[in-house]
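Values below: all heavy atoms of this structure, side chains included; hydrogens, waters and symmetry mates excluded. Keep in mind that this is a model prediction, so the values were computed, not measured. Letters A, B, ... are given to chains in the order of the sequence lines, protein chains preceding strands, and every chain is numbered from 1.
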Amino acid sequence: MADTLQLDLVSPAKLLMSESVGMVVVPGIEGYFGVLPSHMPLLSTLRPGVVSVHDGVNDAPAKKFFVNGGFAEVNPEGCTLLVDEAISVDELTSDDIAERRTVAEEQVQSAATDEDRTAANKALFIVDEMARAMSEAAA
Amino acid sequence: MASLKDLRIRITSVQSTKKITSAMKMVAASKLRRAQEAAEQARPYAQRMEGMLGNLAAGNVGQDGAPRLLAGTGKDHSHLIIVMTANRGLCGGFNTNIIRSARALIRDLQAQGKNFKIYTVGRKSRDNMKRDFADHMVGHFDEFGRTVSSFSEAEHVAQAVTSMFDAGDFDVCTLVYANFISAITQEVTRQQVIPFPVPEVADGEDAGAGRGYEYEPSDTEILTDLLPRNLAIQIFRALLENGASEQGARMSAMDSATRNAGEMIDKLKTTYNRTRQAQITTELIEIISGAEAL
């Protein structure tokens, strides 16, 4: 059994990460799941949350990214994460979050149709998750 | 024969043209760098998305209840062609090549007796298509970034296309754009995006590839999420590729324009000097023969 897996983290704007890692923890739609080498094939949608990249199973996360949703494809060789947007958790700032919150709240206020409202609430949810990820990282 | 003054005026005017074209070349070169970077960074996502969708689709195609974006409407009578060009000209054959390919596609469809509709992206495309196919135009979009397009712009187009598809306005959707290969080569590409072109699976060995996956939440739910997203991504990629191609085409067009202007200046200068010398000679002969006559 291989002891590393190939992790590709890509957003539409760029390829954020493409390297061999020991383990990844991914925010799946039905809960966080860990991916180890030789994982069974799996396709999942992602919820907003933190992707943590570990060098080994027992190591502390080497890198953490906040992702705001997307898709994960896992096969025995590796894991591909297609995300809408990914920000390194270290780079989250409270100013940025506050700004996003204002935008999202305005969206909620001005939403006219049900679809708009769903989208706006989703945006707000993403901001909440982002704030939580930041406070967890700080703690 | 042109007088000395005329020649001087010509030379100055060609010189200023040369200055302009070389400045445009420089601008295009710096924009190209950014556009190329953006296009190259967007490629992995689009490719992996296609791969993922291909795996997923292989296991789903032909089943009842497969999403329409994947399975299509079951007909291919009505086509939507998205013709993507630049907003501005002065970029060599870039716009013309795309439009020529689009027109060839339209002719083919007409020959087969199919219906077609045109959605234009970029002002040049609209202006050109309006001439002959004004009745077939269903939409237009040209508010994309001057150098690098943003994803929301692609989403805008994708939404327009999806809503037309949901309304049953067309069965097959094709993008026509230029793929960026290098600063001097761009390849006009036709890419079918609706229904999603499922990769051919060899009978037997690989047929189960799509079915080995576990799905969270369920395969149809992922598909319904993934398909519209893929459409937006493919359009986004096309926008970026097109943007880089445009700058590349403009750069090489302006480069050759600058060179031509340089050659022209050289030729004009030779003519100018010859004319000037001829004039001096004539003047001298006049003076000498005047002196001899005394």
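- Enclosure of atom CZ in A:R117 by more than 12 non-hydrogen atoms of other residues, nucleotides or ligands within 6.0 angstrom is indicated.
- By the 4.5 Å heavy-atom criterion applied to side chains, A:S11 and B:Q41 are not counted as neighbours.
- The candidate with the highest count of non-hydrogen atom pairs below 4.5 Å against chain B, out of A:T80, A:L42, A:L43, is A:L43.
- For chain B, the option among A:N75, A:V74, A:V83 with the highest count of heavy-atom pairs below 4.5 Å is A:V83.
- Here the CZ atom belonging to A:F71 is positioned 4.5 Å from the CG atom belonging to B:L226, to the nearest 0.5 angstrom.
- Contact of A:D84 with chain B is made through backbone and side chain together, with heavy-atom distances under 4.5 Å.
- Residues that satisfy the salt bridge (Lys or Arg N to Asp or Glu O under 4.0 Å) test with B:D142, not counting sequence neighbours, are B:R123.
- Looking only at side-chain heavy atoms (C-beta outward), B:P217 and A:T45 come within less than 4.5 Å of each other.
- Across A:P12 and B:R229, no two heavy atoms sit closer than the pair CG-NH2, 4.1 Å.
- For residues 231-252 of chain B, the interface with chain A (any heavy-atom pair closer than 4.5 Å) comprises B:I233, B:F236, sorted by residue number.
- Annotation: side chain of A:L15 is not in contact with side chain of B:Y45 (no heavy-atom distance under 4.5 Å).
- Between atom CZ of residue B:R48 and atom CG of residue A:L81 there is a gap of 10.5 Å, rounded to the nearest 0.5 Å.
- Residues B:E214 and A:P41 are not in side-chain contact: their nearest non-hydrogen atoms beyond the backbone lie 4.5 Å or more apart.
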